[in-house]
Amino acid sequence: MDNLEVNIVYKKLFTYLPPELRKKIQKKQIPEVDNILEIRLRINQPLHIITRKNDIFIKDIKINKKDLKKAILILTENSLYALQRQMQEGFITITGGHRVGFTGQIITEDNKIKTIKNINSINYRLTREVIGVARNVVEKIYDYKNNYVYNTLIISPPICGKTTLLRDLVRLLSNGDKKLSIKGKKIGLVDERSEIAGAYKGIPQNNIGKRTDLLDNCPKSKGMLLLIRAMSPEVIAVDELGQKEDIKAIKEAANAGVSLITTVHGNNLASVKNKPGLKELIKNSIFKRFIILSRRNGVGTIENIIDQRGNKLRCG
Amino acid sequence: MWLKLTGIIFILISGSGTGWAIAHRYIYRVNYLQELYMAVNLINTEIVYNQTVLSEALKKTSGQVEKPVSDLFETASKHLNDEKDILFASLWSDILKESTLCSNDRKIMLEWGKNLGKSQINEQEKNNKLTMEKLANAKKRAERTADKKVKLARYSGVLISFMIIILCC
């Protein structure tokens, strides 16, 4: 991302901060402003900014309850009711695919989180579209002989670039790449958190490719089945597998002959092998490729690419 | 004589006109409350059934109600769209200050605006339904007042005109 694009991203993100807070921040000289990863607001604490290299507290900008209330209203466009489901998950996604998480007082009903109120902290997590990162891995997940994409699982701890990689894989495979001899594929993208395509009112704000059909803000399991029935995808891409229903839908997609690219939180293959649901998928060799990410050499470090037999196709 | 006749006609028209203008205010208020009730009902539908973002819900509603209520909602929608960091409650308060609502009706709408968009769907529905109830009650009282006062105002206008004419003659 060049400096101009970074500035545009920050300007857009800053519009989601309360005006009084924004003015105070703009008066300050924030170090490493081009490398901000997170902006955190915590009640009665100084403003906290996390960059790629540093952890900065701005001592003379103290966050109060009013700041947090205003921030939530701005983030939800004065429409908290419209983001009820996301509020239950503890984060919402704003234009550009940036994730904003929050904590506070949880209200439960029937043992499930109904909503969060009295919010005491907000975390603005900046995402960056990085075009070209998929070129480092795509040849390893593409079967050139049969012209299809191997079912691929991206394993990564938080903030290691898995969504960025997934987004670029979707773009590259959707558009195809003559230099890499990859034909464009029809991709069905289920973007449950609106983070991959960063859609605003259904329109993707990020580049997800010309052959991609997007289901925005849709539960993964239902989305996958809808795509299989209605859109004849060659590849389905979803982010952050976790629920039982997701695993069931993955099996159905695999049985329907659709290639899958998906992600899961974990440090390595061993850490995900025993996760409920995934255990069975991995044991039955549903996934043929595993891409393991880390932050060892910065966000997006590719530690390894492994096949279903455990052979390393690439070392970090 | 022609001058006298002109004067009589002028007094009659002004007096009756004043009476009708006063009467019209009572009718205007009843219609205003009716449109406000419809508008809040439409907003409720957009929120509860479609979870439409507030700026869009206001715009849709403004297209389905009459002036001057449509103007209030359209102005609110435009400001919310143009200024992403504005808070609805304070915007709505400024818009209502410029409106021709009487103070009691303004209070009802201000209270509604203070809670709009700030909570989950079921709380929003309660807020909307409570406001609709208040508007319906205000409209009933306004209709009762109008029943008494409209005819009185119109006839008073005409009668006072005649009284002035008789006194002058």
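Of the possible polar contacts, none joining the Asn78(A) side chain to the Ala89(B) backbone as a donor-acceptor pair under 3.5 Å is found.
More than 12 heavy-atom neighbours from other residues, nucleotides or ligands sit within 6.0 angstrom of OH on Tyr28(B). The environment of NZ in Lys69(A) is sparse: at most 12 heavy-atom neighbours from other residues, nucleotides or ligands sit within 6.0 Å. In the displayed structure, Leu3(B) atom CG is contacted under 6.0 Å by at most 12 heavy atoms of other residues, nucleotides or ligands. Other residues, nucleotides and ligands contribute at most 12 non-hydrogen atoms within 6.0 Å of the CD atom of Glu133(B).
For Leu80(B), the part sitting under 4.5 Å from any heavy atom of chain A is the side chain, from C-beta outward, and nothing else. Gln120(B) touches chain A through backbone and side chain together, each having a heavy atom under 4.5 Å away.
The nearest pair of heavy atoms linking Thr15(A) to Asp85(B) is O-CB, 4.0 Å.
Using a 4.5 Å heavy-atom cut-off against chain A, the contacting residues of residues 41-73 of chain B are Ile47(B), Gln51(B), Thr52(B), Val53(B), Leu54(B), Glu56(B).
If you take CG on Leu80(A) and CD1 on Ile121(B), they are separated by 10.0 Å, rounding to the nearest 0.5 Å.
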